[in-house]
Amino acid sequence: MRLDGKVAVITGGGSGIGAATARAFVREGARVVLADIDEAAGAAVAGELREDGGVVDFLHADAADPAEIERVIGFAVDTHGTLDVLHNNHVAYEAGRVGDLTLNGFRRSLDVGLVSYWYAIKLALVPMLAAGRGSIVNTASVSGLAGDYGLGAYNVLKAGVVNLSRVTGIEYARKGIRCNAVCPGPIGTPPIDRLHDASPAVWEDIRDAIPMGRYGRAEEIANVVLFLASDEAAFVTGTHVVADGGLWAHSGMPPIGGLGPDF
Ligand SMILES: NC(=O)c1ccc[n+]([C@@H]2O[C@H](COP(=O)([O-])OP(=O)(O)OC[C@H]3O[C@@H](n4cnc5c(N)ncnc54)[C@H](O)[C@@H]3O)[C@@H](O)[C@H]2O)c1
């Protein structure tokens, strides 16, 4: 098993990519502490995994609240004696054109989606430095590598997550601690399901913009997180892995001469 006996904290583990990652980690032998602000969702994922024999705890916590993430990481270390993997994954942000974003909304977006990732890393580094090993995997996005219309705050916070992963990776590279980001493209998780219900035409436009012609699955991102978390990625640090069905590889130019993706 690829994470045999390892101890992992996953934020936003009650849904989508975080829940899929929890399933992958447990399958590969990790002991997992899930944190989520959605109590019912987090408890359900933890319950399901425990029924399958997993060692999983769920803590109802706001990962963007410093005291609460201190409680989550403290719980993992107190309970299991160490922390091998931190997967920062939660998000919340204000949408809207740059000129229409609010001061509080923009600040709050960075606080929840970026500052809290840094703070969790700062906390996790203490047991990781003591043990001389650790792997941190941050969920960024292809939206951290380019701009999206109407997602300025999200673009900025995810770009910050990409570069936070770089600097953490280089600073702790000689301490046995790796840090990387995963950059998903559009993935069929509950927020995308809600978009499908609210705006089916937009959902289809996004799908059609993906060279593979489909949304990704949460498990396909969890597999990347699992790789980065595991010793298989022993020489991988300070970088990001894009998993987006080819979206980011496209310049945005429409097909010339009818030479589109369908043939
Ligand atoms: N779904 C996509 O298309 C996509 C694409 C690129 C990146 N991502 C990133 O993947 C990550 C997970 O997204 P998802 O699609 O699985 O979403 P999701 O809504 O299915 O899951 C996110 C979980 O985070 C929890 N959460 C939100 N704020 C929290 C907080 N402050 N503290 C603790 N938990 C909190 C939510 O309750 C939810 O359970 C996010 O960082 C998102 O930006 C998603």
Side-chain angles (χ1 to χ4, degrees), residues 1-92 116-117 119-121 123-128 130-131 133-139 177-180 182 184 187-191 217-233:
M1 288 197 284
R2 295 153 79 188
L3 293 180
D4 200 15
K6 297 273 172 73
V7 177
V9 165
I10 301 174
T11 69
S15 175
I17 291 167
T21 299
R23 292 187 184 101
F25 279 14
V26 167
R27 188 188 71 227
E28 295 297 333
R31 293 169 281 169
V32 172
V33 176
L34 293 180
D36 204 294
I37 42 167
D38 185 333
E39 180 149 32
V45 173
E48 164 208 317
L49 289 171
R50 275 198 296 265
E51 268 182 28
D52 291 346
V55 180
V56 181
D57 286 291
F58 167 64
L59 297 189
H60 180 219
D62 177 353
D65 179 326
E68 297 204 14
I69 192 67
E70 284 167 16
R71 176 169 60 88
V72 170
I73 294 197
F75 174 90
V77 174
D78 291 348
T79 306
H80 299 295
T82 188
L83 178 62
D84 301 291
V85 178
L86 169 66
H87 179 38
N88 274 319
N89 171 71
H90 62 281
V91 82
S116 68
Y117 278 36
Y119 193 61
I121 290 171
L123 297 172
L125 283 170
V126 176
M128 288 180 177
R133 64 167 192 275
S135 176
I136 298 162
V137 185
N138 300 311
T139 305
I177 300 166
R178 297 181 297 103
C179 182
N180 295 287
V182 60
I187 308 300
T189 60
R217 291 184 285 275
E219 296 72 26
E220 293 173 320
I221 304 307
N223 285 336
V224 177
V225 179
L226 173 63
F227 166 70
L228 292 172
S230 78
D231 292 342
E232 289 172 11

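Each residue takes its place number in the sequence, starting with 1. Every value quoted in this text rests on a predicted model; they were computed, and no experiment measured them.
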Working note: L34 + V45, criterion side chain to side chain contact (heavy atoms under 4.5 Å, CB included); need CA distance, chi angles, decisive distance, verdict. CA-CA 9 Å; L34 293 180; V45 173; 3.8 Å; yes
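- Scanning both residues, M128 and L83, for their nearest heavy atoms gives CG-O, 3.4 Å.
- Between the D36 side chain and the G14 main chain, a donor and an acceptor come within less than 3.5 Å of each other.
- D84 contributes a side-chain N or O that, together with a main-chain N or O of V7, makes up a donor-acceptor pair within less than 3.5 Å.
- Under the 4.0 Å criterion applied to side-chain N and carboxylate O atoms, K6 and E28 are not assigned as salt-bridge partners.
- Atom NE2 of H90 sits about 6.5 Å away from atom CG of N88, to the nearest 0.5 Å.
- With R178 contributing its side chain and A233 its backbone, the two residues share a donor-acceptor pair below 3.5 Å.
- T11 contributes a side-chain N or O that, together with a main-chain N or O of N89, makes up a donor-acceptor pair within less than 3.5 Å.
- Ion pair R133/D231 not flagged as a salt bridge, since none of the NZ, NE, NH1 or NH2 atoms sits closer than 4.0 Å to an Asp/Glu carboxylate oxygen.
- The CG atom of D65 lies 8.5 Å from the CD atom of E70; values are rounded to the nearest 0.5 Å.
- One finds the CD1 atom of I69 at 13.0 Å from the CZ atom of F75 (value rounded to the nearest 0.5 Å).
- With H87 as reference, V137 is the one residue of N138, L228, V137 to meet the side chain to side chain contact (heavy atoms under 4.5 Å, CB included) rule.
- Side chains of V9 and V72 form a contact here, defined as non-hydrogen atoms less than 4.5 Å apart.
- The CD1 atom of I73 lies 5.0 Å from the CG atom of L123; values are rounded to the nearest 0.5 Å.
- Across every non-hydrogen atom of A24 and A222, the tightest pair is CB-CB, 4.3 Å.
- Atom CZ of F25 and atom CE of M1 lie 14.0 Å apart (nearest 0.5 Å).
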Would V91 and T139 count as a side chain to side chain contact (heavy atoms under 4.5 Å, CB included) here? Give the steps. CA-CA 9 Å; V91 82; T139 305; over 6 Å; no
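- The shortest heavy-atom contact between H60 and I37 is NE2-O, 3.0 Å.
- A distance-only check finds no donor-acceptor pair linking the side chain of D57 to the backbone of V33 [under 3.5 Å].
- Judged purely by atom type and a 3.5 angstrom limit, R217 has no side-chain atom pairing as donor or acceptor with the backbone of I187.
- Nearest heavy atoms, G18 versus I10: O-CG2, 3.9 Å.
- With hydrogens and angles disregarded, a donor-acceptor distance shorter than 3.5 Å links the side chain of E68 to the backbone of D62.
- The nearest pair of heavy atoms linking R50 to V56 is NH1-O, 2.6 Å.
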Working for salt bridge (Lys or Arg N to Asp or Glu O under 4.0 Å), residues R23 and E219: CA-CA 9 Å; R23 292 187 184 101; E219 296 72 26; 5.1 Å; no
Does the side chain to side chain contact (heavy atoms under 4.5 Å, CB included) test come out yes or no for V55 and H80, once each step is laid out? CA-CA 10 Å; V55 180; H80 299 295; 4.0 Å; yes
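- Nearest approach of A61 to A35, heavy atoms of both residues: CB-CB, 4.4 Å.
- Looking at S230, its side chain does come within 3.5 Å of a backbone N or O of F227 through a donor-acceptor pair.
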